[in-house]
2 protein chains.
Amino acid sequence: MTNTTLKKISEILGISVSTVSRALKHHPDISVKTREKVIELARTLDYEPNANAVQLRTKNSKLLGLMVPTISNYFYETFIAAVEEDARKNGYAVMILQSGNDPLIESENLKLFRQNRVSGVFVCLSSNTKDLSSFEKMFDLEIPVVFFDNVPQESGVHKICLADEKSAQLAAELILQHPYQSILAIFGNPALSITKKREAALKNAFQAHPHISLLIEHANSSEEAKLVCHEMLNKHLPDIIFCMSDEVLIGVLKTIQEKGLRYPDNIALLTISNGTIPRLFHPQITYIETSGEKLGKAAFAHMLNCMQTKIEPTELLVDAVLFNGGSL
Amino acid sequence: MTNTTLKKISEILGISVSTVSRALKHHPDISVKTREKVIELARTLDYEPNANAVQLRTKNSKLLGLMVPTISNYFYETFIAAVEEDARKNGYAVMILQSGNDPLIESENLKLFRQNRVSGVFVCLSSNTKDLSSFEKMFDLEIPVVFFDNVPQESGVHKICLADEKSAQLAAELILQHPYQSILAIFGNPALSITKKREAALKNAFQAHPHISLLIEHANSSEEAKLVCHEMLNKHLPDIIFCMSDEVLIGVLKTIQEKGLRYPDNIALLTISNGTIPRLFHPQITYIETSGEKLGKAAFAHMLNCMQTKIEPTELLVDAVLFNGGSL
DNA sequence: AGAATTTCCGCAAAGGTTTGCTGTGGAAAT
DNA sequence: ATTTCCACAGCAAACCTTTGCGGAAATTCT
């Protein structure tokens with residue numbers, strides 16, 4: 001079977017292509033009689049506009065780009081799911097690409113987005129990206145770019161983040177409500193904006209409490225976190241371990257389980273997470289919620305704004321809330 | 001900045017558009033001198049072909065569609081990641097849509113795929129889809145459809161599945177190697193092809209062992225699985241619980257933890273999973289591996305075949321292997 | 001030198017849609 | 001009965017690229 005086009009409909013009905021096109025979009029120039037004839041036939045022939053032709057002509061696609069380091073991640077997947085859902089409801093489709101944390105692939109992917117004429121892109125920066133040079137062309141072409149989660153330091157771009165500072169502050173407050181004296185805080189890749197923000201905020205919060213020992217470590221993966229944690233626990237058992245993310249938490253949990261430690265009895269746990277992992281365990285692990293879903297919804301709404309009216313680049317924050325499990 | 005097109009290049013160089021087009025693809029009709037001039041200018045102007053125009057003209061897009069009930073799922077996310085990665089390496093981009101297990105949205109999404117002229121689609125059927133009527137048009141238009149994971153019963157379509165029967169058999173064999181006498185097996189949504197296959201295979205394997213009690217239950221979500229498990233354990237403590245999937249496993253684990261049971265001492269556990277969840281716990285949970293990654297790679301390879309040469313629709317299986325944790 | 005190739009490039013159409021402009025017929029206004 | 005106006009529909013260009021075909025100039029062969 002071959003595809004039905006405006007031309008085919010117009011030939012069958014013996015009218016012009018433009019009349020068919022207009023009838024289909026209820027243009028007032030077309031009489032009701034003609035319009036109904038056209039719509040009727042279009043339905044029976046199951047006409048579906050060729051998006052390529054439409055976009056070529058109108059220069060305005062219903063495609064959005066979305067790039068993450070990897071799709072396979074507790075946080076990104078919920079973000080993606082949320083964006084896709086809202087996009088669908090608004091008639092947009094989403095083209096998803098992974099950078100694998102490789103700036104080269106990131107750049108290639110941006111090119112792919114451009115070639116496919118996306119109307120906007122969501123980007124979580126690769127952890128190895130040093131500058132925004134590969135994004136220049138997007139800005140030049142005025143394709144809205146909304147950065148999320150791991151965002152560039154530069155101002156003048158659209159950023160939408162979790163309340164990184166606040167979530168670390170919340171964590172600090174919660175810790176201070178307990179009589180913990182020694183804290184082990186394990187963060188992720190120090191190159192990430194979220195790492196920097198969370199680390200700075202946590203450090204800052206404890207500055208006024210010099211009697212509390214705050215030990216900070218970094219780990220780029222769950223495996224590293226596990227090793228680091230093992231190492232640290234061998235030296236000294238802290239009162240509480242703070243994990244910056246699910247990746248870290250997973251490593252820490254493995255260590256704790258392997259060592260036969262029990263929380264909250266032997267050691268307390270606190271993490272920042274979207275909740276999936278913390279809720280798997282019993283007792284559930286107390287976490288500061290960073291919802292990929294909320295972030296996704298906010299990002300899409302912001303994108304819609306960007307595409308409709310040129311708005312000033314800003315940094316938006318999605319609030320953080322505490323979920324009380326039973327790990328401290 | 002406006003986009004560079006073939007026309008713009010041709011005007012600057014004072015040659016025709018067709019020459020530019022041919023030069024850029026190393027057509028033998030074009031002299032080396034002209035070709036190099038063109039390529040040089042194209043590079044400095046950072047020419048990027050308009051995919052819409054190309055596709056419109058060639059009727060052959062570098063876009064693939066992928067539909068799953070939800071992206072946010074331990075299994076699908078790895079599948080998607082694998083497909084995207086291989087697609088990228090082969091110059092394809094992936095358009096991802098979620099059906100939310102709603103046949104209506106599923107149908108709408110197929111339409112979106114068609115309108116965007118994808119060259120092929122991967123589909124994991126929604127659990128509520130009763131027939132393949134909404135796919136008819138895809139077949140008519142000869143757009144390759146590769147079903148995966150939850151596939152239709154019909155033959156004559158491309159299906160690529162985990163070795164559902166074999167994985168259940170493997171599970172049965174493993175169980176029979178131990179002196180377990182009572183088994184609680186919890187399966188997922190009975191409407192899914194994977195549920196049916198796994199359940200049938202498991203039942204079948206135990207037919208020859210009537211002295212072993214095999215109790216079968218169903219649960220559509222982790223929460224249901226948790227409830228079902230609670231209920232069952234209140235009546236009777238089985239020797240082992242077999243979980244069909246991660247969803248089920250999560251519910252079961254919660255129940256077990258809440259009840260203060262310890263595996264493998266009080267009860268044994270066995271599941272089918274891609275490994276993410278089972279490896280989070282200590283001891284790790286023994287599982288039959290169903291790798292979304294392997295499935296994704298196989299699916300993409302198959303899709304490539306479908307697009308190049310019309311091959312006979314077949315059912316491909318991705319093998320299942322045992323991962324020995326410490327839960328039985 | 002004249003004929004036969006070869007080399008290189010341009011013309012124009014096609015793909016499906018959208019849209020500004022033009023043109024027609026008929027009804028209303030004068 | 002002439003003019004004015006409106007409702008309706010078609011023409012043609014444009015978006016950008018690809019490609020069959022034809023043709024001019026340069027080269028090679030008698």
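Heavy atoms only: backbone and side chains are in, while hydrogens, waters and symmetry mates are out. Chain letters run A, B, ... following the sequence lines, proteins first, then strands; residues in each count from 1. Being a predicted model, the structure only gives us computed values, none of them experimental.
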Report summary line: note: A/K7, atom NZ; D/dA12, atom C1'; distance rounded to Å ~ 15 Å
Query raised in the report: Phosphate oxygens OP1/OP2 of D/dC16: is one of them under 4.0 Å from a side-chain N or O of A/K59?
Result: yes
Requested in this report: Tell me what A/S31 touches on the nucleic acid: a base, only sugar-phosphate, or nothing, going by heavy atoms under 4.0 Å.
Outcome: sugar-phosphate
**Report entry** Nucleotide of C/dT17, D/dG10, D/dC15 approaching A/S16 most closely (side-chain heavy atoms)
**Finding:** D/dG10
**Report entry** Given DNA chain C, 5'-ward residue of the pair B/P28 and A/K25, judged by closest heavy atom
**Finding:** B/P28
Requested in this report: Inspect the contact between B/E108 and A/R88 and indicate whether a charged nitrogen and a carboxylate oxygen are less than 4.0 angstrom apart.
Outcome: no
Query raised in the report: Contact class for A/T5 (heavy atom, under 4.0 Å): base, sugar-phosphate, or nothing?
Result: sugar-phosphate
Query raised in the report: Rounded to whole angstrom units, what separation is found between the CG atom of B/L6 and the C1' atom of C/dC9?
Result: 15 Å
Requested in this report: Using a cut-off of strictly less than 4.0 Å, decide whether B/Y47 has a side-chain nitrogen or oxygen near OP1 or OP2 of D/dC16.
Outcome: no
**Report entry** Heavy-atom side-chain contact between B/L110 and B/Q115 under 4.5 Å
**Finding:** no
Requested in this report: May I ask you to verify whether the side chain of B/R22 and the base of C/dG10 hold a donor-acceptor pair under 3.5 Å?
Outcome: yes
**Report entry** Per B/N50 side chain, nearest of listed nucleotides C/dG10, D/dT17, D/dG10
**Finding:** D/dT17
Query - Beyond-backbone contact of A/I15 with A/T34, side-chain heavy atoms, under 4.5 angstrom - result: yes
Requested in this report: Rounded to the nearest angstrom, tell me the gap between atom NZ in A/K8 and atom C1' in C/dA14.
Outcome: 16 Å
Report task. Nearest whole angstrom, please: distance from the P of D/dC16 to the CG of A/N52. Result -> 14 Å
Query raised in the report: To the nearest angstrom, how far is A/L13 atom CG from D/dG10 atom C1'?
Result: 15 Å
Query raised in the report: Quick one: is C/dT19 close enough that its OP1 or OP2 comes under 4.0 Å of any side-chain N or O from A/S21?
Result: no
Query raised in the report: Can you find an N or O donor on one side and an acceptor on the other, under 3.5 Å apart, linking the side chain of A/D29 with the base of D/dC8?
Result: no
Query - Distance, rounded to the nearest Å, where A/I15 contributes CD1 and C/dG23 contributes P - result: 21 Å
Report task. Starting from C1' on C/dT7, measure out to CD1 on B/I30 and report it in whole angstrom. Result -> 10 Å
**Report entry** Base D/dC11 to side chain A/S18, donor-acceptor N/O within 3.5 Å cut-off
**Finding:** yes
Query raised in the report: Does the distance from a Lys or Arg side-chain N to an Asp or Glu carboxylate O, for A/K297 and A/D86, drop under 4.0 Å?
Result: yes
Query raised in the report: For residues A/N274 and A/T290, is any side-chain donor paired with an opposing acceptor at under 3.5 Å?
Result: no
Query - Interatomic distance where CD belongs to A/Q55 and C1' belongs to D/dC15 [whole Å] - result: 12 Å
Query raised in the report: Looking for any heavy atom pair under 4.0 Å, which part of the strands does A/L56 touch: base, sugar-phosphate only, or nothing?
Result: base
